[in-house]
Protein chains: 2
Amino acid sequence: MPTPRATATRTRLLDAAERLFAEHGFAATSLRTVTEAADANVAAVNYHFGSKEGLLRAVVERAMATVNRERLRLLGELRAAARPPSAADLVHAFVATGAHLGDPQEAGGADLRRFLGRLVCEPDPAIRRLFGAEVAPVEGEYLGALTEALPHLTPAEVAYRYRAMVGLLALHQSGTLTDFHPGPPPAEPPGPDDAARLTTLLTAAFEAPAARG
Amino acid sequence: MPTPRATATRTRLLDAAERLFAEHGFAATSLRTVTEAADANVAAVNYHFGSKEGLLRAVVERAMATVNRERLRLLGELRAAARPPSAADLVHAFVATGAHLGDPQEAGGADLRRFLGRLVCEPDPAIRRLFGAEVAPVEGEYLGALTEALPHLTPAEVAYRYRAMVGLLALHQSGTLTDFHPGPPPAEPPGPDDAARLTTLLTAAFEAPAARG
DNA sequence: AACGAATTCAAACGATCGTTTAAATCCCTA
DNA sequence: TAGGGATTTAAACGATCGTTTGAATTCGTT
């Protein structure tokens, strides 16, 4: 049975790992950096999560649980409406969830977004497998809804554009789309809400006619 | 003066590094793995390139020189035509260069594409700085041409969508868009040329009206 | 108060990392 | 053919990595 103090340590480790993985990536973050930031012992990671990869798995599961719940909730709302959801509706629901994750309420909202954004681009097959398993359920739901909303596209075309949406949102979340040139941050703030820009762009991409084979 | 034998070693190191960086990423690839694959000594890297980062820099410069030359050449062709290039023309020139890099002629074409694709997603600020410096010149040219071709968009909007194009092409090159779920490769081959899918998608994205502020 | 499981801790393990050193080898030139 | 810079080599350096160990400590229960 986990003691209250133990779950507190677990949470501190998860928070610190989420932030540091988001900042430096998984491979480049050492366990000692994590445990130092979490004010815990190095061995605590292996005690609570078994290994470094176990820690990553726990961080991923916690993060994805949040976004999966919200995405399915929004999809349920859309489906409850009179007319079936349009591609624009679906894109907005999907993107807004990712772009506004824990917006101002939680302090670590930005960390969570950056972490998930980085996750999509991770090269390591083990990490990709981990991530793929977590997104599978909501992916199926949205793919189905999008295919119905876009009858002029083959399922393969819809799937390709869906993956493009996931990838682009990830780049948006990880800051790759805005902080393209490292160095001093851009003078002008995000402007007319980058999330809206992204939604517009992706909606147009989905509604485009199929590519000529 | 570099001896012929020395430049051969340099080339073998660059080839091996390009392939291994593409496969495992920069941080996760050890110098010993590279030198082993290149049939060279560990110290050869520091002798020829100064450091591991120096090796990366050399790989990036060699790779980007190829794509920059081709992209500027295609842009010159488009500008030599009677009418100014459309957004579709520009997107096609930009994407096709990245998607068909060293297509069948060179054996390492796939490595080069994957390497450049991974590069865009690299988190390390030092790597991003390195990459940013290499793409700057061609970026300016294409941004200017795209802004002229899309008078209904503000330069900031064009820039945002340009970065989306770069990012999406990178995901395409690194296989993130096609090998989304790790494991057995997809049964159906690339279909109607994924590069064409990407070009269609991006052209529609560029031509979309501006997002409502 | 005392037992015992849960949790934390300091310390060390073996492995691997990027880098450096100094000697050995290659190859062109005089 | 002898000399000398260019290149390669084997070996070691210090640092850091993820993980393990076994003892200390905490804390609810009897």
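Below, all heavy atoms of this structure are taken into account, side chains as well, without hydrogens, waters or symmetry copies. Lettering follows sequence order; numbering is per chain, from 1.
Distances from the side chain of B:N41 to the nucleotides D:dA6, C:dT19, D:dA10 place D:dA10 closest. When each of C:dT20, C:dC17, D:dT19 is scored by its nearest atom to the side-chain atoms of B:N46, the top-ranked nucleotide is C:dT20. Of all nucleotides listed (D:dT19, D:dA10, C:dA10), C:dA10 comes nearest to the side chain of A:A43. Taking only side-chain atoms of B:H48, from C-beta outward, the nucleotide of D:dT8, D:dT19, C:dC9 with the closest atom is D:dT8.
Look at OH on B:Y47: it is 15 Å from C1' on C:dA22, rounded to the nearest Å. We find that CG of A:L31 is positioned 21 Å from P of D:dA15, with the value rounded to whole Å. In this entry the distance linking NZ of B:K52 with P of C:dT16 reads 15 Å, nearest Å. Look at CZ on B:R10: it is 16 Å from C1' on D:dT8, rounded to the nearest Å. Following rounding to the nearest Å, B:E36 (CD) and C:dG18 (C1') show an atom-to-atom distance of 16 Å. The separation between A:D39 atom CG and C:dA10 atom P is 11 Å, rounded to whole Å. In this structure, A:R12 places its CZ atom 12 Å from C1' of C:dT7, rounding to the nearest Å. For A:R32 and C:dT16, the CZ to C1' distance is 13 Å, given to the nearest whole Å.
Ring to ring, A:F94 and A:Y142 are close: their centroids are under 6.0 angstrom apart.
Residue-level contact check: A:T33 touches neither bases nor backbone, having no heavy atom under 4.0 Å from any strand. Contacts of A:V45 with the nucleic acid, taken as non-hydrogen atoms under 4.0 Å apart, are absent. Within 4.0 Å (heavy atoms only), A:T35 reaches no atom of the nucleic acid at all.
Between B:S30 and C:dC17 there is a side-chain N or O to OP1 or OP2 distance below 4.0 Å. For A:T9 and C:dT7, the shortest distance from a side-chain N or O to OP1 or OP2 is not below 4.0 Å.
Salt bridge A:D89/A:R79: absent, no basic N to carboxylate O contact under 4.0 Å. Ion pairing between a basic and an acidic side chain is recognised when a charged N comes within 4.0 Å of a carboxylate O; A:R197 and A:D194 show such pairing.
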